[in-house]
Amino acid sequence: MSKQQVKQIRTVKHTRDILPRDFTSDTSAQSHKFQYIESVAREAFRRYGFQEIRTPIFEYTELFARGVGEETDIVSKEMYTWRDLGANNTPGAGDSLTLRPENTAPVIRSYIQHQMWQQSDLAKLFYIGPQFRRERGQKGRFRQFYQIGVEIIGKSDNPAIEAEVIEMLDWILKELKILNTTLSINSVGCPKCRPQFNEMLKKEIEPRLVNMCGDCNHRYETNILRVLDCKRDTEIVAQLPSIQDLLCEECRAHFAEFCRHLDKRKLKYQVDPKLVRGLDYYTRTAFEVLTTSDDLGSQNALLGGGRYDGLSESLGGPPSKGFGFALGLDRFVMSLPEEVSDPSIPKVFLAHLGKEAFEFSLILAGCLRKVGVSCAMDFEMRSLKNTMKLADRSKARYTIIIGEEELTKGRFVLRDMVTREQLELTEAELLEKLKAN
RNA sequence: GCGGGCAUAGCUCAGUUGGUUAGAGCGCUUGACUGUGGAUCAAGAGGUCGCCGGUUCAAGCCCGGUUGCCCGCCCCA
């Protein structure tokens, strides 16, 4: 059968492969960059005392419906949901399951399921993994995307916790040299003061509704806070009351404390009263780090997060405070300023000439690898010139040349591919030298 | 869910008012150079021009449909 007759199977629409550098020139989809960001994040988590949690990538649909909110865009139209097999493998008769569209609700579910509060007053958890939302893709948006996030759950809602997280994020961004960013913060109030603000907002907006865009009319019904975020009706929005002026005493004090802790750490931020979040569970502090470059197309949010003090209870757990963020790994990769070194580049390339040298090289490569040296070699019989071309392309720092001469002498040519210096070394000397640097 | 743009070699793209055997650059393989990479030169491999139909003596090009991708809206990371 010719290949044209067989339909090619490709990635599902709006999903993509993250490939090794060798196989793609798309710098936003290279696996070593994802690894690099993950390693920087893991180092931050080590320093700040976070422990890794890995939850399943699918959960009962109910978790997200209750945790994230039925009315949110995520739950109402963006989830991958299906019916599991029921009894006797009856299709569609089983539980409703969903690929996770975010990871906070699963982490809280796990916190409750394993009664983590019994072990510690404060659980400091981080996760790294794929999330799934059924959206139309565009620059910086995919149906399977990757997030790194943390959740701090437990007794305390001290704003110092929030400032500490911001400090950690600041370190991660600087370490990655992602510098063209701004931090926006706001308070979205609590169950005590937000309903009053929503009421007032409704009253203010209602008479102006006829002059506002269709989206705002929709938001008026579903999530009135989001009207504040509208980019079209900016003149009208500017006349609306600010939530900052209507916070209750406790929320006001909490927010002031948060700002004070940021100031003490000399962390720069701007208060944005229009910053609201799309997920129902947020209370009090909300924040976003936005990029000022256009690397992300029309997207500008690199990460976002906030406080969710009621989430545990709404999922049937004990009253617990919670604070966390999620950062978009794909978007971080797109924002990296420079080429990052690829750890898969081998240290040494073994260039063999002839069958006998090939056999020897196979064993020598094994010896080098056992002492921790990464090696690459070719499995064809080529001229030295062509083998050197491969060595060059592999970007290995050193090449060991192994031919008949070397085999009889027991001394091998070690070529430094950058300085072009060559040494003649015995096998033992090779191992020693390459191991050392 | 709604808009806009684009589909030609592995990649980036040319391709004239429709005209014979479909091109370039990069990459790949080989050679010039018998055991030394990056440079240069040469040769070679690699295409049902996304798919289906229509118009025409003739379609990569025109028309209709379809699929895919990209970008934007909504929303988010």
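The figures that follow rest on heavy atoms only: side chains count, while hydrogens, waters and symmetry mates do not. In what follows, every chain begins at residue 1, and chains take the letters A, B, ... in the order their sequences are listed.
The phosphate of B:C33 (OP1 or OP2) has no side-chain N or O of A:Ser383 nearer than 4.0 angstrom. Taking 4.0 angstrom as the limit, A:Lys13 places a side-chain polar atom (N or O) nearer than this to OP1 or OP2 of B:G68. Under 4.0 angstrom from either OP1 or OP2 of B:G35 there lies no side-chain N or O belonging to A:Lys385. Phosphate contact (OP1/OP2 of B:U29, side-chain N/O of A:Arg393, threshold under 4.0 Å): present. Between A:Asn386 and B:G31 there is a side-chain N or O to OP1 or OP2 distance below 4.0 Å. Residue A:Gln147 places none of its side-chain N or O atoms closer than 4.0 Å to OP1 or OP2 of B:A77.
A side-chain donor-acceptor contact under 3.5 Å links A:Glu151 and A:Tyr308. A donor-acceptor contact closer than 3.5 angstrom is absent between the side chains of A:Gln144 and A:Arg16.
Looking at heavy atoms from C-beta onward, A:Val188 lies out of side-chain contact with A:Arg284 at the 4.5 angstrom threshold. Side-chain contact between A:Ile243 and A:Ser187 is absent, with no heavy-atom pair separated by less than 4.5 Å.
As judged by a 4.0 angstrom heavy-atom cut-off over every strand, A:Glu102 is placed among residues making no nucleic acid contact. If you check every strand for non-hydrogen atoms under 4.0 Å, A:Leu329 touches nothing. Heavy atoms of A:Gly297 sit under 4.0 angstrom from primed sugar atoms or phosphate atoms, though from no base atom. Heavy atoms of A:Glu380 sit nowhere under 4.0 angstrom from any nucleic acid atom. Within the nucleic acid shown, A:His218 has no heavy atom closer than 4.0 Å to any nucleic acid atom. Across all strands shown, A:Gln131 has no heavy atoms under 4.0 Å from either base or sugar-phosphate atoms. A:Ala391 comes within contact range of no nucleotide atom at all, as no heavy-atom separation falls under 4.0 Å. Residue A:Phe349 is out of contact with every strand shown, counting any heavy-atom pair closer than 4.0 Å. Within 4.0 Å of A:Gln299, counting heavy atoms only, lies at least one base atom of the nucleic acid. A:Leu327 comes within 4.0 angstrom of no nucleic acid atom, judged by non-hydrogen atoms across all strands. Residue contacts for A:Arg16: at a heavy-atom cut-off of 4.0 Å it reaches no nucleic acid atom on any strand shown. Residue A:Arg415 is in base contact, counting any heavy-atom pair closer than 4.0 Å across all strands shown.
For the pair A:Leu384 CG and B:G38 P, the computed distance is 12 Å after rounding to whole Å. Between the NZ atom of A:Lys139 and the P atom of B:C73 there is a distance of 13 Å, given to the nearest Å. Atom CD1 of A:Ile400 and atom C1' of B:G35 are 16 Å apart (whole Å).
With respect to A:Glu204 and A:Arg208, a salt bridge is recorded, a charged nitrogen being found less than 4.0 Å from a carboxylate O. Taking 4.0 Å as the cut-off between side-chain N and carboxylate O, A:Arg46 and A:Glu43 count as a salt-bridged pair. A salt bridge does not link A:Arg420 to A:Asp416: none of the charged nitrogens lies less than 4.0 Å from a carboxylate oxygen. By the 4.0 Å N-to-carboxylate-O rule, A:Arg307 lies close enough to A:Glu162 to be salt-bridged with it. For the pair A:Asp330 and A:Lys139, the salt-bridge criterion is not met [side-chain N within less than 4.0 Å of a carboxylate O].
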I'd like a table of atom pairs between the protein and nucleotides 2-4 of chain B - only N or O on both sides, under 3.5 Å - with the distance next to each one.
unit_1, atom_1, unit_2, atom_2, d
B:C2, N4, A:Arg136, NH1, 3.2
B:G3, O6, A:Arg136, NH2, 3.3

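Environment of CD in A:Glu404: sparse, with no more than 12 heavy atoms of neighbouring residues, nucleotides or ligands closer than 6.0 Å.
Atom name C1', nucleotides B:U20 and B:C63: the rounded distance is 24 Å, in whole Å. For the P atom pair drawn from B:G25 and B:C41, the interatomic distance equals 10 Å after rounding to whole Å. Taking atom C1' in both B:G50 and B:C70, one finds a spacing of 15 Å when rounded to whole Å. Taking atom P on both B:A43 and B:U55, the two are 44 Å apart, rounded to the nearest angstrom. Across the C1' atoms, B:G23 and B:U30 are found 23 Å apart, a figure rounded to whole Å. Distance noted for atom C1' between B:C6 and B:C61: 16 Å (whole Å). Straight-line distance between the C1' atoms of B:A14 and B:A9: roughly 13 Å, to the nearest whole Å. One P atom belongs to B:C52, the other to B:C28, and the distance between them is 34 Å to the nearest Å.
Checked by distance alone, A:Arg420 brings a side-chain donor or acceptor within 3.5 Å of a matching partner on the base of B:G38.
For A:Asp392, whose side chain is taken as the heavy atoms from C-beta onward, the closest listed nucleotide among B:G37, B:G35, B:C75 is B:G37. Side-chain atoms of A:Arg134 lie closest to B:G1 of the nucleotides B:C71, B:G1, B:A77. The side chain of A:Arg10 has B:C69 as its nearest neighbour among B:C69, B:C75, B:G37.
Here CZ of A:Phe258 is found 4.5 Å from CD1 of A:Ile166. Values are rounded to the nearest 0.5 Å.
Stacking of A:Lys124 on the aromatic ring of A:Tyr48 is not recorded, the 6.0 Å distance cut-off and the 45° axial limit not both being met.
Take the nearest nucleotide of RNA chain B for A:Ser298 and for A:Asp330: the residue whose nucleotide is more 5' is A:Ser298. Residues A:Met417 and A:Lys77 each lie close to RNA chain B; by heavy-atom proximity, the contact nearer the 5' end of the strand is made by A:Met417.
Not a single donor-acceptor pair under 3.5 Å links the side chain of A:Arg411 to the backbone N or O of A:Leu425.
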Inset, instruction - Give RNA chain B the dot-bracket treatment, 5' to 3': Watson-Crick (N1-N3 with N6-O4 or O6-N4) or G-U (N1-O2, O6-N3) under 3.5 Å, [ ] crossing, | other strand. - result: (((((((..((((.....[...)))).(((((.......))))).....(((((..]....))))))))))))....
